[in-house]
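The structure appears below as structure tokens.
Sequential numbering from 1 along the given sequence is applied to the chain's residues. Read the numbers this way: they start at 1 and go in the same order the structure lists the ligands and their atoms. For clarity, every value in this text was computed on a predicted model and none was experimentally measured.
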Amino acid sequence: MRTITHVLFDMDGLLLDTEKFYSVVQEKILSGYGKSFTWSLKAKMMGKRAAEAAEIFVHDSGLEGILSPRDFLTQREAMLEVMFPESQLLPGVERLVGYFQSQGIPMAIATSSHKRNFDLKTINHKELISRMHHVVVGDDPDVKLGKPAPDIFLVAASRFPDPKPRPENVLVFEDAPTGVEAAQNAGMSVVMVPDPNLDKSLCDRADIVLETLEDFDPSTFGMPPFIKN
Ligand SMILES: O=P(O)(O)OC[C@@H](O)CO
Ligand SMILES: [Mg+2]
């Protein structure tokens, strides 16, 4: 069994309940063209950086030549920026972050979200962010390729203080197939907490798949149990 010495958290859909904002807004934009937003399209977009997600949205919705990826993002951001400050923590986040902190396991966030949106989403979650050693955002200059490339997780692992973790000693928590793939490409272990609407065939690569972070059992990775409070 691999010894876990460091933890990396994805953010949207894993720490914060923000994927629903993306869905509502993308549904609204598509309805303007008489089209509907599907979970199969959502599954391809989630976890990706904005520019890549926009290309997929326009292409798969058959809107090429009608709606440019840039105009899509302009419309999407305008609607999302008022929603993001309302972001709520997902169930189990506080307990899990508190547990890793009590175990002296350093944590960081690795999110495809750009810095501007990260700041909007976390404006009311300063305490959570303060428990992270660092945050790597999607527009970080050192992140050359977005998820499913391993870049963002490798960059996040490299920013911990010495002794830096080897990938096999890092545990990643993710909600998206793209993110799970990125973690595995980085050589890291990964726990997936998928949205229940996600096609189950897209949730079979992770080391562990949970319905909620509340179901995480530290002993799965050789760590002490949660203290019963
Ligand atoms: O899940 P993260 O990497 O935080 O980014 C999500 C964002 O790309 C929207 O799906
Ligand atoms: Mg996510």
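Contact annotation for Arg49 and ligand 1: no heavy atom of the residue comes within less than 4.0 Å of the ligand. At a 4.0 Å heavy-atom cut-off, ligand 1 touches Lys147 through the side chain alone.
Ring geometry for Phe216 versus Phe226: interplanar angle over 60°, hence perpendicular rather than tilted (30 to 60°). Ring geometry for Phe37 against Phe57 counts as tilted: the plane angle lies between 30° and 60°, on a 0 to 90° scale.
Distance from atom 1 (O) of ligand 1 to its nearest protein heavy atom, with residue and atom name: Asp10 OD1, 2.6 Å. Taking atom 8 (O) of ligand 1 as the reference point, the nearest protein heavy-atom neighbour is Lys48 O, 2.6 Å.
Under the 3.5 Å distance criterion, the side-chain polar atoms of Asp151 are left unmatched by any main-chain donor or acceptor of Gly146. With Lys42 contributing its side chain and Gln26 its backbone, the two residues share no donor-acceptor pair below 3.5 Å.
Proximity to Glu19 (heavy-atom distance under 4.0 Å) selects the following atoms of ligand 1: 6 (C), 9 (C), 10 (O). Set against the non-hydrogen atoms of Thr111, the atoms of ligand 1 under 4.0 Å away are 2 (P), 3 (O), 4 (O), 5 (O). Atom numbering of ligand 1 starts at 1 in the shown order; those under 4.0 Å from a heavy atom of Met11 are 4 (O).
Minimum-distance N/O/S atom of Asp175 relative to the Mg ion (ligand 2): OD1. The N, O or S atom of Asp10 with the smallest distance to the Mg ion (ligand 2) is OD2.
Backbone or side-chain N, O or S atoms of Asp12 reach the Mg ion (ligand 2) at under 2.8 Å. Metal site remark for the Mg ion (ligand 2): Glu174 contributes no N, O or S atom at a distance under 2.8 Å.
Of the N or O atoms in Tyr22, none lie within a sub-3.5 Å distance of an N or O in ligand 1.
With no hydrogens or angles considered, no side-chain donor-acceptor pair links Thr178 and Lys147 at under 3.5 Å.
Salt-bridge check for Arg159 with Asp140: passed, with a basic side-chain N closer than 4.0 Å to an acidic carboxylate O. With respect to Asp119 and Lys115, a salt bridge is recorded, a charged nitrogen being found less than 4.0 Å from a carboxylate O.
At least one heavy atom of Gly47 sits closer than 4.0 Å to an atom of ligand 1.
None of Thr38, Leu63, Val25 except one satisfies the side chain to side chain contact (heavy atoms under 4.5 Å, CB included) rule with Leu30; the exception is Leu63.
When ring centroids are compared, Tyr22 and Phe84 come within the 6.0 Å threshold.
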